[in-house]
Amino acid sequence: MGVGRIVRSSQSPWARGLRTLIRNRMAMAGAAVILIWVIVAIAAPWIAPYDALAQKVEDRLSPPSPRHLFGTDELGRDVFSRVVYGARISLPVGLVVILFSMLMGALVGALAGYFGGAFDLLVMRVADITLAFPSIVLALAIASVLGPSLKNAVIAMILVWWPEYARLMRGQVLSVKHEDYVMAAQSVGVPQRRILARHIIPNTSAPIVIKASLDAGSAILNIAALSFIGLGAVPPTPEWGAMISLGRFKFYQWWLTTFPGLAVLSVVLGFNFLGDGLRDAFDPRLRSA
Amino acid sequence: MEMRMGLSVHIIRRLLLVVPMLIGVTLLTFTVSRVVPADPLAVIVSEKAMDHPDIVAAAVRKWGLDKPLPQQYLYYLWNLAHGDLGVSFKTKRPVAQDLAQYLPATVELAVASLLFAMAIGLPLGILAAVRSGSWIDHLARLISLLGASMPPFWSGLMALFLFYFKLQLLPGPGRIDSRAVAPHTITGLYLLDTFLLGDMNAFADALHHLILPSVILGWFTLALVCRITRSSLLEVLRMDYIRTARAKGLHERVVLLRHALRNAFIPTLTTLGLAFAGLMTGAIMTETIFAWPGIGRYAVEAAVNLDYPAVLGTTLLIAVIYIFVNLVVDILYGVIDPRIREA
């Protein structure tokens with residue numbers, strides 16, 4: 001931190017960051033939106049008035065009405081119920097992508113940064129090369145080679161995303177590796193694994209977690225995009241991207257695309273608001289005046 | 001003289017870095033096409049052609065499939081060096097030929113999107129920083145967040161619904177009116193070709209068709225440009241030399257234009273590489289929605305039809321373009337900021 005900046009020593013950076021976060025209205029709005037969607041996902045069977053897969057041909061393509069809030073699709077399925085059940089797919093799937101990318105990247109990055117040597121050289125080159133591709137382009141290729149399914153879309157996303165975390169974590173580890181407390185632990189013979197787990201990782205993980213919260217929105221967006229193309233969730237599944245794809249160019253039945261799209265937009269916006277607020281609160285370098 | 005030396009060393013060093021990157025990306029596409037699939041032959045020969053032993057034998061010979069993997073990679077590189085990306089299962093034409101045909105549409109769309117993003121994003125970012133905390137700052141933030149949050153495949157559909165279907169202000173999908181004939185190909189860039197041919201009606205038509213897709217595709221880049229410009233300008237405005245300039249009594253406009261912006265633009269320039277990645281990602285979705293015959297839509301159609309040579313060829317092409325975009329950005333970076341050359 002710059003010289004001449006007055007820092008109140010009575011507060012830990014975490015407490016200060018948390019207070020900034022809570023006072024950030026946009027971040028709190030984002031958190032509220034995410035919370036609502038989490039509740040919707042958990043309580044889907046009680047909220048949805050119809051079965052998300054139940055077809056009723058005589059009701060097909062009916063516009064929004066009190067009976068069908070968001071209208072029905074071409075098989076007479078209730079769009080509102082499908083959007084509600086869609087939260088049960090998009091949220092956990094996005095979370096899995098981010099969680100696994102983060103864990104894999106952080107682990108590899110920490111090991112590479114701490115031990116260095118041939119392992120460092122090898123995995124960081126793999127990371128560099130992977131990052132030389134725009135992520136969804138490579139994910140598209142991998143998902144197509146593995147075969148279209150939601151599981152393979154998730155695998156493809158993780159494979160293209162972990163290097164970003166590895167690079168960040170490695171940089172973090174390198175910056176604390178020679179700190180006094182690490183040297184002290186080494187000199188009294190604390191085992192390497194324990195130093196990594198107890199001293200290094202707790203002191204380097206904040207930026208990783210902030211990045212994960214910023215990326216969560218993109219993960220949900222990219223999975224929806226792969227499903228929209230036809231390389232993710234397969235038809236009867238009420239996945240938002242796949243639903244938008246079913247309604248594309250049916251301009252007279254605007255409700256088919258509008259509502260699932262608003263669902264994706266609100267979730268992603270929620271994560272981006274929250275992630276933005278987290279970064280402002282906990283990464284002082286980026287905090288604006 | 002010494003400065004000139006520093007710059008050429010910087011450029012040569014940066015050029016040399018391209019070689020391992022190219023080897024790297026080819027190694028990765030090779031891995032995806034030969035190691036990941038259960039049957040690598042199925043990635044080269046279409047299902048129908050599998051019944052013809054002579055086609056299969058020719059493919060095995062050409063790509064060295066009966067050889068160990070390291071040797072197969074050399075076959076792969078050899079074919080690549082001859083511009084051979086394999087034959088598309090669907091179009092039955094060499095993938096390289098397909099890509100050459102579809103690339104200009106993507107270039108035209110990407111350039112238009114980038115121009116749109118810069119034209120709006122730069123002034124918006126500057127205003128947001130200068131009037132930090134004002135309504136325009138909040139507006140800029142909202143526009144950026146929407147740009148980063150809106151699924152392009154959805155915003156594209158919504159834009160078509162509103163401007164094409166409801167208001168009938170702008171044309172629907174495609175590069176030109178569906179009743180019109182595509183202009184005679186000179187460069188493949190419709191705006192340029194129609195202009196060179198002097199066909200102003202077709203020029204206006206092509207321009208009209210370009211508006212919606214480039215706004216939808218450029219929005220993400222706009223968000224990026226606006227954000228980076230704002231934050232780097234804010235940082236620069238806090239520097240001592242800005243305070244000095246102000247203390248000297250210089251007009252605020254001079255401080256901003258002469259002293260602050262020049263330095264604030266450096267981070268914006270470096271994000272252009274990132275912006276390109278965003279454009280390619282967006283192009284995949286935007287081209288699909290707007291029936292834009294570029295490499296993005298080609299890649300999507302290939303991926304869905306499991307046309308592996310086409311998917312992997314496009315992936316490789318995009319990665320190679322990406323590497324060269326970053327190369328140009330890095331060299332420019334060195335030209336603008338002498339400190340980079342020392343590193």
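Just so it is clear, the structure is predicted and the values come from calculations on it, not from any experiment. Quick note on labels: first sequence line is chain A, next is B, and so on, each numbered from 1.
The part of B/Ile284 that comes within reach of chain A is its side chain, from C-beta onward, which places non-hydrogen atoms under 4.5 angstrom from that chain. Only the side chain of A/Phe228 comes within contact range of chain B, with heavy atoms under 4.5 Å apart. Both the backbone and the side chain of A/Thr258 come within contact range of chain B, judged by heavy atoms closer than 4.5 Å. Contact annotation for A/Leu226: neither backbone nor side-chain heavy atoms come within less than 4.5 Å of a heavy atom of chain B. For A/Leu138, the parts lying near chain B are the backbone and the side chain together; criterion is any non-hydrogen pair under 4.5 Å. With a threshold of 4.5 angstrom between heavy atoms, B/Leu157 approaches chain A through its backbone and through its side chain. With a 4.5 Å cut-off on non-hydrogen atoms, B/Met21 touches chain A through its side chain but not through its backbone. Both the backbone and the side chain of A/Tyr252 come within contact range of chain B, with heavy atoms under 4.5 Å apart. Interface remark: B/Ile289 contributes backbone and side-chain atoms alike to the contact with chain A (heavy atom separation under 4.5 Å). B/Pro20 does not touch chain A: none of its heavy atoms, backbone or side chain, sits under 4.5 Å away. For A/Leu146, the part lying under 4.5 angstrom from a heavy atom of chain B is the side chain only.
Using modelled atom types, no side-chain atom of B/Ser132 and backbone atom of B/Ala129 make a donor-acceptor pair closer than 3.5 Å. Between the side chain of B/Asp137 and the backbone N or O of B/Arg131 there is no donor-acceptor pair closer than 3.5 Å.
A salt bridge does not link B/Asp98 to B/Lys90: none of the charged nitrogens lies less than 4.0 Å from a carboxylate oxygen.
When A/Gly270, A/Gly230, A/Gly217, A/Ala225 are compared by the number of non-hydrogen pairs under 4.5 Å with chain B, A/Ala225 comes out ahead. Contact count against chain A (heavy-atom pairs under 4.5 Å) is highest for B/Val25 among B/Val311, B/Thr288, B/Val25, B/Val32. Across B/Val300, B/Leu237, B/Thr29, B/Asp307, the residue that shares the most heavy-atom pairs under 4.5 angstrom with chain A is B/Val300. Of the listed residues B/Lys166, B/Arg227, B/Glu301, the one with more heavy-atom pairs under 4.5 angstrom with chain A than any other is B/Arg227.
Between B/Tyr76 and B/Trp63, the angle of the ring planes lies from 30° to 60°, which puts this pair in the tilted group. Using cut-offs of 30° and 60° on the angle between ring planes, the pair B/Phe161 and A/Phe251 is tilted.
A/Arg125 CZ: more than 12 foreign heavy atoms inside a 6.0 Å radius. Within a 6.0 Å radius of OH in B/Tyr164, no more than 12 heavy atoms belonging to other residues, nucleotides or ligands are found.
Listed here is the closest heavy atom pair of A/Asp276 and A/Leu214: N-CD2, 3.7 Å.
Inter-residue side-chain proximity for B/Arg141 and A/Met26 is flagged as met; some heavy-atom pair is nearer than 4.5 Å. With a 4.5 Å cut-off on side-chain heavy atoms, B/Trp292 and B/Arg297 do not count as touching.
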